Amino acid sequence: MTIGVQGDWGMGKTSMMNMIRARLEQRTNTGHDDNYGIVWFNTWQFSMFNLDEFLGVVAISEMLELLKTQFKIPEDNPRLGQIKKLVSAISLNLGPVSVDAKKLQENKSSLPGQEISQTVKTFKKEFKKLVEEICDGKHNDKKYKKIVFFIDDLDRVKPIKALELLETLKNFFDVKNCVFVLAVDYEVVQTGMTQKFGINFEKQNGKSFFDKIIQLPFVMP
């Protein structure tokens, strides 16, 4: 599931997400049966020095590192190593700028022994198994009901890069037991859609895309 906390810049989206995180951590630390693993990903740090040009692939790599640190996954874990190899293969074939679904379908180049589309499927399969290992308490002896990813400051990067990050989440991390909470300004997404598909891109189409990515939207008052 993907949850959107929507609102203009400065409306308190980050504060709201911090309150949600604190509530989940409180439940986890006070003996409830429903434990929630928390991963916080801040996109603002990648807006400096043009790092947001690489946001799609960087996001995948950074989230893997956050998972490894947060849940004490050994560096030599074979599944983590396999996933990192897949990320490298994907980045080499698609380039650093975008990892959207359209490019995946149009890209006809082959990896050794398998096509790029199969590599993406394999990534999701291995990532799903890694999440299952974490939820089952294999790495730190604590079981989790869900892994909750908080994605903050999407409106601090270029709109088209914010859009690409949303596509990355949808195509690579959309697996069972993962919940994404996004601080997002719909207008930023709409601007990114216009930049990507042209100035005549209809606003209604942007709304349809937004609804496919985010299943549960909340608007900040």
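None of the values given here were measured: they were computed from a predicted structure.
Under the ring-ring contact (aromatic ring centres under 6.0 Å, His included) criterion, Phe150 pairs with Trp40, not counting sequence neighbours. In this structure, the salt bridge (charged side-chain N to carboxylate O under 4.0 Å, His left out) partners of Asp174, at least two apart in sequence or on a different chain, are Lys170. Residues meeting the salt bridge (charged side-chain N to carboxylate O under 4.0 Å, His left out) test with Asp185, sequence neighbours left out: none. In this structure Ser61 satisfies the side chain to side chain donor-acceptor pair (under 3.5 Å) test with no other residue, sequence neighbours excluded. Listed by chain and number, the residues in a salt bridge (charged side-chain N to carboxylate O under 4.0 Å, His left out) with Lys212 amount to none (sequence neighbours excluded). For Glu25, there are no salt bridge (charged side-chain N to carboxylate O under 4.0 Å, His left out) partners two or more places apart in sequence or in a different chain. Partners of Glu65 under the side chain to side chain donor-acceptor pair (under 3.5 Å) rule, at least two apart in sequence or in another chain, are Lys68, Lys84. Under the rule for a side-chain contact (heavy atoms from CB on, under 4.5 Å), the partners of Met220 that lie at least two apart in sequence or sit in another chain are Val5, Met11, Lys13, Met16. The side-chain contact (heavy atoms from CB on, under 4.5 Å) test applied to Lys145 returns Asp34, Tyr36, not counting sequence neighbours. Applying the side-chain contact (heavy atoms from CB on, under 4.5 Å) rule to Thr191 yields the partners Pro159, Gln195; only residues at least two apart in sequence or on another chain are considered.
Side-chain contact between Leu66 and Glu62: present, with at least one pair of heavy atoms (C-beta onward) separated by less than 4.5 Å. At a threshold of 4.5 Å between non-hydrogen side-chain atoms, the residues Leu166 and Leu154 count as touching. Side-chain contact between Leu169 and Ile213 is absent, with no heavy atoms from C-beta onward closer than 4.5 Å. You'll find the side chain of Val39 reaches within 4.5 Å of the side chain of Phe71, heavy atoms only. In this structure, the side chains of Lys142 and Thr28 come closer than 4.5 Å at one or more pairs of heavy atoms. In this structure, Asn18 and Arg21 have side chains that are in contact, with non-hydrogen atoms separated by less than 4.5 Å.
Of all non-hydrogen atoms in Ala162 and Val188, the two that sit nearest each other are CB-CG1, 4.0 Å.
Under the 4.5 Å side-chain heavy-atom criterion for ILVMFWY residues, a single connected hydrophobic cluster contains both Phe41 and Leu80. In the hydrophobic clustering of ILVMFWY residues, with side-chain heavy atoms under 4.5 Å counting as a link, Met17 and Trp9 come out apart. A continuous path of hydrophobic side-chain contacts links Phe218 to Met1 [ILVMFWY only; heavy atoms under 4.5 Å].
Once rounded to the nearest 0.5 Å, the distance linking CG of Leu86 with CG of Leu64 reads 10.0 Å. Here CD of Gln70 is found 8.5 Å from CD1 of Ile147. Values are rounded to the nearest 0.5 Å. Rounded to the nearest 0.5 angstrom, Phe149 CZ and Leu67 CG are separated by 4.5 Å. We find the CD-CG distance between Gln190 and Leu163 to be 10.0 Å, quoted to the nearest 0.5 Å. Between atom CG of residue Leu182 and atom CG of residue Leu165 there is a gap of 8.0 Å, rounded to the nearest 0.5 Å.
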Below 3.5 Å, can you tabulate the donor-acceptor pairs from side chains in residues 125-138 to any protein atom, sequence neighbours excluded?
| residue | atom | partner | partner atom | Å |
| --- | --- | --- | --- | --- |
| Glu126 | OE1 | Arg79 | NE | 3.0 |
| Glu133 | OE1 | His139 | NE2 | 2.9 |
| Glu133 | OE2 | Arg79 | NH1 | 2.5 |

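Although no hydrogens or angles enter the test, the distance criterion places no donor-acceptor pair under 3.5 Å between the side chain of Thr2 and the main chain of Phe180. Put simply, the side chain of Asn35 gets close to the backbone of Lys143: a donor and an acceptor are under 3.5 Å apart.
No more than 12 heavy atoms of other residues, nucleotides or ligands shown are found within 6.0 angstrom of NZ on Lys85.
Note: Phe123 and Phe173 have perpendicular aromatic rings, judged against thresholds of 30 and 60 degrees for the angle between ring planes.
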Verdict with supporting geometry, Ile214 and Val184, side-chain contact (heavy atoms from CB on, under 4.5 Å):
CA-CA 10 Å; Ile214 295 176; Val184 59; 4.0 Å; yes

